[in-house]
Amino acid sequence: MARYKKRTVVIEAEQFKGSQGKYDMFMEFPIEQDDNGEYLVIPTLEGSHRANVRDWIITGVKGKKYPCKPDIFKQTYEKE
């Protein structure tokens, strides 16, 4: 079996900190709230995904946004 490695890609990302933060990146997604706290609903090619407080919102290589859990973000990305 052949082995492959992921290409290096520079992304833009911002951590969602709830309504106390200032967000240019999230203006298209209204902040919603339920019993579990504040969240965003982000439409993606795979359907709508919930982004909770402390999740990262990534802008992909084609300009689409998607959420990423903090532990996965830390394992996958490092600041440039």
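Residue indices begin at 1 and follow the sequence shown.
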request  = Scan for side chain to side chain donor-acceptor pair (under 3.5 Å) pairs involving residues 34-48, sequence neighbours excluded, and state none if there are none.
outcome  = Ser19-Glu38, Glu32-Tyr39, Asp34-Arg50, Thr44-Glu46, Thr44-His49
request  = With rounding to the nearest 0.5 Å, note down the distance linking CZ in Phe16 to CG in Asn52.
outcome  = 8.5 Å
task = Might you point out which heavy atoms bring Val61 and Val9 nearest each other, and give the distance in Å?
result = CG1-CG1, 3.2 Å
message = Using every non-hydrogen atom in the two residues, find where Ala13 and Trp56 come nearest and quote the distance to one decimal.
response = CB-CE3, 3.9 Å
task = Give the minimum heavy-atom separation between Lys65 and Ile57, together with the two atoms involved.
result = CB-CG2, 4.1 Å
From Ile42 atom CD1 to Lys64 atom NZ, the distance as rounded to the nearest 0.5 Å = 12.0 Å
Identify all side-chain donor-acceptor contacts of residues 68-76 below 3.5 Å with residues at least two apart in sequence or on another chain.
| from | atom 1 | to | atom 2 | distance (Å) |
| --- | --- | --- | --- | --- |
| Lys69 | NZ | Asp55 | OD1 | 3.4 |
| Lys69 | NZ | Asp55 | OD2 | 2.8 |
| Thr76 | OG1 | Ile72 | O | 2.7 |

key: Close side-chain approach of Ile31 to Leu40, heavy-atom, < 4.5 Å   = yes
query = In terms of hydrophobic clusters joined by side-chain contacts under 4.5 Å, are Leu45 and Ile58 together?
reply = no
